[in-house]
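The chain is numbered in sequence order, starting from 1.
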Amino acid sequence: MKNIEKTKEQLLKENSLLKAKIAELEKNKEFFQIIAENTSDNIGITTFDLKAKYIYVSPSVKSVLGYDPEDLLGKSFFDFIHPEDKKVLFPLLKKYVNLKIKKLLMGKESPINEIIEFRFKNKAGDWRFMQSNINIAGKQLLAVTRDITERKQAEVEMQKLAAVVKHSSELVNLGTLDGRMTFLNESGGKMLGIEPHEVENVNIMEVIPDHLIGLVEKELLPALMKRGTWEGDLQYRNMKTGVLTDVHAITFTVKDPDTGEPQFLANVSQDITERKQAEIMLKESEEKIRAILDASPDVIHLLDSNGIILSTNEGYAKRLGLEIDDIVGKSVFDYTRHESIHKRKAAMDKVFRTGESVQFEDKSAAGVFESHVHPVFNPAGEVTAVAVYARDITERKQAEEALRESEEKYRSLYTSANDAVFLMQNNRFIACNPKTLEMFGCMVDEIVGHSPIEFSPEYQPDGGLSSEKALEKINATLAGEPQFFEWAHQQKDGSPFDAEVSLNKMMLSDGEYIHAIVRDITERKKAEEELRKHREHLEEMVKERTAELEEKNEKLEYFNKLFVGREFRIKELRDKVKELENKISDNR
């Protein structure tokens, strides 16, 4: 009986405790419901089995995923997560099984609490990144889930940014306000000669060369503190090699989002060594071009559509007796003779209108000018200026006129000459005058392209082969020794004639030539033969006359001797007579 009463007391006590527990649970349920209905996180309870059906979903699922709780209740969690993410629950199942085995062995059960991430399809059909705090109690799974899509996207963007910074060819550096480095990317490390483990021990001022420290202290840092940014060209010194690198730096402060005060100094610097070298080369090239343009006696302009001189050269300035600075900005037509303005304006307007170059000549009292006008295009393909090259060709025109007159005179002499005149190349006639055709008794195609040997007998008068002697004369001429000689020629029909030949070497643009002049001396030869015969006849007559004279001279000498002897005898007698007379006179 006592046991029965004790049992009743225990039941009443347990009932009282149970009611209190129920009251507490009801209170907790209300509290839980308040939390569930007002939190932005989604709270869900599913069965913990292979189907994982929802048995509770908080109202916040509407704002998070677009579903009403009723849309999910009774449906499997696996119907909504990405196929690739279903495996995230496998570790939970494994852990749950392990804990159950542990409970059987040790009689103690531990709660399971895990955080997992997965993709969940919202009502619109889009995949959202979710993070769940999972608790397993008995056969139920409680998940407090938060939408982390934006965070994931931000992480992806941060990863991309980190990859860009890491692999950027530019130096990227972050440092404290006093200049101590806290981050330096790979390219920056190579540029500055700083290893990754050395970064935080380096102050940015250590890589600034001495000649730029003043610029950094007086301009860069004050600008950062005042405006939060500075941009310009600098040089950095490699701490290992000492090599200086030209850079274009963009520096700025990273501010505290709450206070707005600068927290860090950031720096992005691009290696502009090649650009600097290119600028130097470009400057040198411009100076060379300017020197070339200024050295040119030609007039060189850059003009806009109104004829305003944008640039010019020394050649034009000297022609006007002015300095370049006095000309630039003025109209080119202010310095153009009135009679040339219309033609030059029309040419310039045509280039601006068509985009095509124009070339023309104009003559004025100042002389004859050859002008070239070329379009200058902008990146859009529009003509924004014209380049003008004008050359004074007065002397050239005069020379051309003189050459033309000389050519006419030469051609007149060539065509009307009484001698055969022709050109030879490679032992062939290539051109001849009309007298050549007459002299050799042939047509043009019968001599041009043929060898002079074809118009010579096999042997020359001295017995030498014509082919050998002709080649000897030609080679001597090509060696630079002019030749003048007599030659036995023959006409196309074989009729012989004597000629006097003059050969001279000529150098033209396309090679060596021989200029030949052939004079027919047949008549002269005949006259010379007749003169020879006449001379021989005269010589014979002279010999005969000389013999007669010699005979007469001998007789004359004989008589002369007789006469001279008589004269001497008479003189002797006279001398004796005078001697006797003197003696007689003395005797008296």
Can you tell whether the side chains of E279 and K283 come within less than 4.0 Å, N to carboxylate O? no
Any [X] side-chain heavy atom under 4.5 Å of [Y] side chain:
X	Y	answer
M239	I194	yes
T145	F120	no
T176	T182	yes
L192	N238	no
M348	L303	yes
D392	V368	no
H372	V388	no
N173	L171	yes

By side-chain contact (heavy atoms from CB on, under 4.5 Å), P196 pairs with (sequence neighbours left out) none
Quick check against the 3.5 Å criterion: does [X] have a side-chain atom that pairs as donor or acceptor with the backbone of [Y]?
X	Y	answer
D256	P262	no
D304	I309	no
N203	M205	yes
S76	K53	no
S187	V172	no
N313	I300	yes
K330	D326	yes
T46	Y54	no

Is atom NE2 of H82 surrounded by more than 12 heavy atoms (other residues, nucleotides or ligands) closer than 6.0 Å? yes
query: Does NZ in K350 sit with more than 12 non-hydrogen atoms of other residues, nucleotides or ligands closer than 6.0 Å?
result: no
ask   = Could you walk me through whether I272 and D233 pass the side-chain contact (heavy atoms from CB on, under 4.5 Å) check?
value = CA-CA 9 Å; I272 59 170; D233 291 347; 3.8 Å; yes
Of all the heavy-atom pairs spanning [X] and [Y], show the shortest one and how long it is.
X	Y	answer
N267	A249	OD1-CB, 3.9 Å
E370	Q359	OE2-NE2, 3.6 Å
I327	A317	CD1-CA, 3.6 Å
V358	V351	CG2-CG2, 3.6 Å
Q131	I115	CG-CG2, 3.8 Å

Using side chain to side chain donor-acceptor pair (under 3.5 Å) as the criterion, list what pairs up with [X], not counting sequence neighbours.
X	result
S357	H374
T259	none
E323	none
R237	none

With rounding to the nearest 0.5 Å, note down the distance linking [atom1] in [X] to [atom2] in [Y].
X	Y	atom1	atom2	value
L177	L265	CG	CG	5.0 Å
Y56	L142	OH	CG	10.0 Å
I45	L73	CD1	CG	10.5 Å
S340	F333	OG	CZ	10.5 Å
K86	F77	NZ	CZ	10.0 Å
L72	I55	CG	CD1	13.5 Å

- Near-ring test Y67/F80, centroid separation under 6.0 angstrom: yes
For this session: Kindly state whether the ring of F252 and the ring of F264 have centres lying under 6.0 angstrom apart.
Result: no
Checking R391, K345, R344 against D362 for salt bridge (charged side-chain N to carboxylate O under 4.0 Å, His left out), the one that qualifies is R344
On the six-membered ring of F78, is K51 placed so that its NZ or CZ lies under 6.0 angstrom from the centre and within 45° of the ring axis? no
Distance-only donor-acceptor pairs under 3.5 Å for side chains of residues 210-229, two or more places apart:
unit_1	atom_1	unit_2	atom_2	d
H211	NE2	Q235	OE1	2.9
E219	OE2	W230	NE1	3.0
T229	OG1	T251	O	3.2

Check your understanding: Under 3.5 Å, is there a donor-acceptor pair between the D271 and T245 side chains?
Key -> no
task: Would you check if there is a donor-acceptor pair between the side chains of S269 and Y236 at a distance under 3.5 Å?
output: yes
Sequence neighbours left out, what passes salt bridge (charged side-chain N to carboxylate O under 4.0 Å, His left out) with [X]? Give chain and number order.
X	result
D246	none
K62	D68
E198	none

- request: Report the C-alpha distance between S132 and F118 in whole Å, list the side-chain angles of each, state the deciding distance to 0.1 Å, and finish with yes or no for side-chain contact (heavy atoms from CB on, under 4.5 Å).
  value: CA-CA 8 Å; S132 289; F118 54 91; 3.2 Å; yes
Test side chain to side chain donor-acceptor pair (under 3.5 Å), reference R146, set N133, N42, D41, output is D41
So salt bridge (Lys or Arg N to Asp or Glu O under 4.0 Å) across residues 117-131, not counting sequence neighbours, yields D71-K123, E84-R119, D85-R119, E117-R151, E117-K152, R128-D147
Listing, residues 378-387 side-chain donor-acceptor contacts under 3.5 Å, not counting sequence neighbours, or none:
unit_1	atom_1	unit_2	atom_2	d
N378	OD1	A380	N	3.0
N378	OD1	G381	N	3.0
N378	OD1	E382	N	2.8
N378	ND2	E382	OE1	2.9
T384	OG1	V376	O	3.4

>> Pair E195, K240 - check salt bridge (charged side-chain N to carboxylate O under 4.0 Å, His left out), show working.
In response: CA-CA 10 Å; E195 299 296 334; K240 289 182 180 178; 2.5 Å; yes
In short, ring-ring contact (aromatic ring centres under 6.0 Å, His included) pairs touching residues 300-332 with sequence neighbours left out are H301-Y316
